[in-house]
Number of protein chains: 2
Amino acid sequence: MSSSVQRKRIRKSPAARRAEIVDAAAAVALTEGLECVTLRRIAEELDVRPGLISHYFPSAEDLVAEAFGSAADGELDTLLPARRPEGTSSEHLARFFVRATGEAYDAVSRLWINARHLSRYRPALRERVVEQEAAWRERLTDLLRQGVERGEFRTDDPEVTSIQILVVLDGLGAHANTETGGRPEAVTRMAVTTAERELGLAGGTLGPPPVSP
Amino acid sequence: MSSSVQRKRIRKSPAARRAEIVDAAAAVALTEGLECVTLRRIAEELDVRPGLISHYFPSAEDLVAEAFGSAADGELDTLLPARRPEGTSSEHLARFFVRATGEAYDAVSRLWINARHLSRYRPALRERVVEQEAAWRERLTDLLRQGVERGEFRTDDPEVTSIQILVVLDGLGAHANTETGGRPEAVTRMAVTTAERELGLAGGTLGPPPVSP
DNA sequence: TTGCTTATTGGTCGCACACTCAATAGCATG
DNA sequence: CATGCTATTGAGTGTGCGACCAATAAGCAA
């Protein structure tokens, strides 16, 4: 009756199986946390035996690192698509802030906190975190640079500005696990405010204007 | 020979023993991380049997929460002393930034990341984190309010300003476990810059001035 | 000094984890 | 249809964790 009682083996190509494992691990990492990415948990997810996961990832730590990398990659792509066929830089940046401030982003904030903490003990994960930090920074820097070229933004150093924006976002996301009540609007708006200030934009260009009486 | 081979029991008052346990747990939390606060680890630290720790903390989670609370309390007191007999508010705030930006603060940043993440799974710890967030916010708000009263600072809402400063500090501290190279000065200075801007102070009032040619 | 309260021990249990490896069976290939 | 390669299983190892509890002895009070 239940499909969980599966006896028959399903044999897949190494590439396909590996991808399947990484996908499942990334999903678990994003929803339940990186410490739930265990051989048993992922095996259960795919309805295979734990030994199989070990076969593809002889060290469990590598799977955890891969899970984070994959999840972060995916999030970055929806947050700041590499290809931006149409729209102004301001529009792209505004969309970025909408996504990165919405409640749906909490899961991503949690993942980053998770990874940043766990990387204290796991070198393989730490490497991935450093990689992803660079990737996110570069992707945002690219967008800012494009805006500068188009004359939309004005900043001496797009990279410094993008780091500043990301620092504020990290600070806002830090509370994703504890946040209870609402925050003052001046706090919620900090990321947008920072961007507008550092890019020489008028208030309200990148998001809802501060306080409408 | 070795003092670790201790047979003789040392019987202490419950209050003293409990305090001793919490102190040891706080120290381990600060240096090795909250996941190292285990019955066995703390027992070893005090050269007693694990069962004794269980006796004082029937649930290990409560010990972890207590360890974080104690460590955070201690750090807050050296960072923002409640009693400020002498000196201007600017001086106190400047000292705060020196401490909260120095390399010695990395351990504290790590502890906060640790606690914020772990509180995802442990309700008792989460409560403590929320408590400490409030305590830190209030302590900083008090300092800002005092500065406003004395005419040193100018801000509409000291609490909002203090949250903004703390958000930036959280953002800067987020990388305590991965930081490799140096950061641009404009990033390092973000906390001070934010404070100066939001408090209507001239650049350089609260820390080393930006870029000396 | 004796006795009593209770802080402390030592041992045990069950659980979840990563890791190992010989045996097995799916499936593409001929 | 038979065969060989190898993806997959099943079973077992060792570790560290929290929790539990009866037995023990430290040190205070009588």
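Every chain is numbered from 1 and lettered A, B, ... according to where its sequence line falls, protein lines coming before strand lines. Note that the coordinates shown come from a computational prediction; the quantities given were computed from them, not determined experimentally.
Closest to the side chain of A/Ala60, out of D/dA26, D/dC5, C/dA18, is C/dA18. Here the nucleotide nearest the side chain of A/Arg49, chosen from C/dT8, D/dG10, C/dT9, is D/dG10.
Distance NZ (A/Lys8) to P (D/dA7): 17 Å, rounded to an integer number of Å. Note: OH (B/Tyr121) to C1' (D/dC17) measures 17 Å, nearest angstrom. Following rounding to the nearest Å, B/Ile53 (CD1) and D/dG18 (P) show an atom-to-atom distance of 11 Å. B/Arg11 places its CZ atom 5 Å from the C1' atom of D/dA26, with the value rounded to the nearest Å. A straight line from CD1 of B/Ile10 to P of C/dA7 spans 16 Å, rounded to a whole angstrom. When the C1' atom of D/dT8 is taken as reference, atom CD of A/Glu20 falls 13 Å away, rounded to whole Å. At whole-Å resolution of the value, CG in A/Asp62 and P in C/dA18 are 13 Å apart. Atom pair B/Leu52:CG and D/dA25:C1' shows a separation of 14 Å (rounding to whole Å applied).
A salt bridge links A/Glu45 with A/Arg41: the distance from a Lys NZ or Arg NE/NH1/NH2 to an Asp or Glu carboxylate oxygen falls below 4.0 Å.
Checked options B/Glu149, B/Arg145, B/Gln146, B/Arg84; the residue passing with B/Ser89 is B/Gln146 (criterion: side-chain hydrogen bond (donor to acceptor under 3.5 Å, both in side chains)).
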Donor-acceptor contacts, no H, no angles, side chain residues 70-78 of chain A, under 3.5 Å, sequence neighbours left out:
residue, atom, partner, partner atom, Å
A/Asp73, OD1, A/Gln132, NE2, 3.2
A/Asp77, OD1, A/Arg139, NH1, 3.2
A/Asp77, OD1, A/Arg139, NH2, 3.2
A/Thr78, OG1, A/Glu75, O, 3.1

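A/Pro50 comes within 4.0 angstrom of no nucleic acid atom, judged by non-hydrogen atoms across all strands. When heavy atoms are screened at a 4.0 angstrom cut-off, B/Ser59 is found touching the sugar-phosphate backbone but no base atom. In this structure, A/Phe57 reaches neither bases nor backbone, as no heavy-atom distance under 4.0 Å exists between it and the strands shown.
Dashed line: the shortest gap from a side-chain N or O of A/Tyr56 to OP1 or OP2 of D/dT8 is under 4.0 Å. Regarding contacts with the backbone of C/dT8, a side-chain N or O of B/Arg17 is found under 4.0 angstrom from either OP1 or OP2. Contact check, A/His55 against D/dT8: no side-chain N or O comes under 4.0 Å of OP1 or OP2.
For a distance-only test at 3.5 Å, the side chain of B/Arg9 qualifies as a donor-acceptor partner of the base of C/dT8.
The shortest non-hydrogen separation linking A/Leu144 to A/Pro158 is CD1-O, 3.6 Å.
Using modelled atom types, one finds no donor on one side chain facing an acceptor on the other under 3.5 Å when comparing B/Gln164 with B/Thr194. Side-chain polar atoms of A/Thr161 and A/Thr155 form a donor-acceptor pair below 3.5 angstrom.
Contacts between residues 22-45 of chain B and DNA chain D, defined by a heavy-atom separation under 4.0 Å, are made by B/Thr38, B/Leu39, B/Arg40.
In summary, the aromatic rings of A/Trp112 and A/Tyr105 are positioned with their centroids too far apart to meet the 6.0 Å limit.
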